[in-house]
Structures are given as C-alpha cells and as structure tokens.
Amino acid sequence: MGNHVKIIIDKLGVSEVKTIKHYITNLHQIIGSNSILTILDPRYKNDYNQLINEYEQLSVELPNVQINSFYVSQYLKSERRDNVNQFTTDYIGDEQFTVEKKNGQRLFMQNGEVRIAIITSQAGKVTAVDFAKPGQKRPHQRVSVNSSGNIQVLRHFDEKTHLPTLDEYLDTDLNTFMFVHFDERGLRADYQLVGWGEPVVYSEVDLYDQWFARVIKLDDYVINFDRHYDVLFENKHDVTKVFLM
C-alpha cells in the first residue's frame, strides 16, 4: 500500500494543473512514486456540471489522480435529472393555476397574482424558480437550478424583510445535505452538514474542517494550495507531512 497524498485546491486552471504536476513530481522524489493521490476541491459553482466537466478534463491531464469535491460528492446521489419538476409539482399540489408567458418567462398565476415564476436563461434553460404565497409579491422561496435541471439550493426568505433566512443544499434526490442560516442582516451566520450528522459551526473554515477530518487521515501527506486552511494543519497534523503553498 502506497502513501496517501491529499491535495487541497482553490483553483483548477491550466497554470494550477501545471503547478500540481510539479509538486507531485517533487513529492515523489521524497516519498516514492507508489502514492495514491486525491485532489480535495472545496469550491462551489452555480452549476455543478462546470466542476464535473473540469474533473473530466483533469482525468486526461492527471489520469492517476482521484477527485473528491465537497459539494459534488454530497450532491450526486443518483443519475436523476430535472428534479425541479417534481419539486414544483409537489409545491403546486391540488391548487389550480393558469400559465402565462411574459418576457419569455413562464408564470403560474392564481387570482391574478404570480405564485410561481420560472426564470430561464437566453438559451431557454431553467436557472431558478420563485415561489410566492397568496397576497405576496415577493417570493418566500427560490430554488437555483443547474444545467441538468436539478436544484442545487433552496433559499428561504423572511416574509417581512425579504432577506434570506436559510439555504438548503439539496442532493439529486431532493434531500438536504447542508443548512446555511442567515442573520437579521442577511449575512451567513452558521453552517450544518445535516447529511453527515455534524454539529453547527460558525465559519466556512470550520465547515471544511469537518470535511477534512473525514477525508484526511493523520498519516496522509497534505499539499495545501488554499491558504485559508493553513491554520487547520498547524497543530493537528504531522508538520513533516504538510506542505503549505
């Protein structure tokens, strides 16, 4: 069994891939080439498919490197597509609506009010759906939708201030894997990985620390390209096995 090497990234462009190759070569000279390499990607994208496409390209550049994405690994639970349709159907239930088109958008109307607004891109792809309660002009919920037609985030709004109160990050089966609560100013206040049964934390660094604790073992080698997480390895890990870039 070879050494395990975990590489934490913050970007994955051409120059970053070149740099990763360079450090892998140098590390192999120290620990040998019989290593199991895994890239840990904490980045979020409005469309997870952008990340998935990057990983497919990277598999050509670095065919022996595994990739573990914080968001995609929790989101991708099935091959399901267009789950926004089920979510919208469940929301409608037995209520009656008429459908109108305005400025290229589909509107579900009830008693002259817009209750559901389907927002599309210029290419006609659904990017978001707003849901409003009767008598309200502003949405109380909004879902962001990726190019697979799947919901990534369900956002809840305060009905008086219209500021966000809660984001639910959903997987392909519409189960929540993470909560993000907002304070009275509409700023992120706390995080909870409910899919993993983790306790509430109050910063993104602590959030990703919960992930790293699951995927990085004490005897793993770590190459960290994201300086935000340097502090996490100062006291918890063997300093001879940590390389802070």
field: Any residue meeting salt bridge (charged side-chain N to carboxylate O under 4.0 Å, His left out) with D47, in chain and number order, not counting sequence neighbours
entry: none
- request: Return the set of residues passing ring-ring contact (aromatic ring centres under 6.0 Å, His included) with Y221 (not counting sequence neighbours), or none when no residue passes.
  value: none
message: The criterion is salt bridge (charged side-chain N to carboxylate O under 4.0 Å, His left out); which residues satisfy it with R43, sequence neighbours excluded?
response: D41, E54
- prompt: Under the salt bridge (Lys or Arg N to Asp or Glu O under 4.0 Å) rule, what pairs show up with a residue in residues 82-103, not counting sequence neighbours?
  reply: E95-R115
field: Which residues share a salt bridge (charged side-chain N to carboxylate O under 4.0 Å, His left out) with E16, sequence neighbours left out
entry: none
- prompt: Can you name the residues that form a ring-ring contact (aromatic ring centres under 6.0 Å, His included) with Y169, not counting sequence neighbours?
  reply: Y44, Y71
Scan the side chains in residues 128-138 for donor-acceptor partners under 3.5 Å anywhere in the protein, sequence neighbours excluded, and list what turns up.
from, atom 1, to, atom 2, distance (Å)
D130, OD1, R142, NE, 2.5
D130, OD2, R142, NH2, 3.3
K133, NZ, E159, OE2, 2.6
Q136, NE2, E159, OE1, 3.0

Results of side chain to side chain contact (heavy atoms under 4.5 Å, CB included) for D173 - residues two or more places apart only: K77, S78, R80, D171, N175
task: Could you list all the salt bridge (Lys or Arg N to Asp or Glu O under 4.0 Å) pairs where at least one residue sits in residues 5-15, not counting sequence neighbours?
output: K6-D220
- prompt: Taking only residues two or more places apart in sequence, or in another chain, which ones meet D183 in a salt bridge (charged side-chain N to carboxylate O under 4.0 Å, His left out)?
  reply: R185
Which side-chain N or O atoms in residues 59-66 pair as donor and acceptor under 3.5 Å with protein atoms at least two apart or in another chain?
from, atom 1, to, atom 2, distance (Å)
S59, OG, E56, O, 2.5
E61, OE1, K21, NZ, 2.8

Counterpart residues, ring-ring contact (aromatic ring centres under 6.0 Å, His included), relative to F70 (two or more places apart): Y208, W211
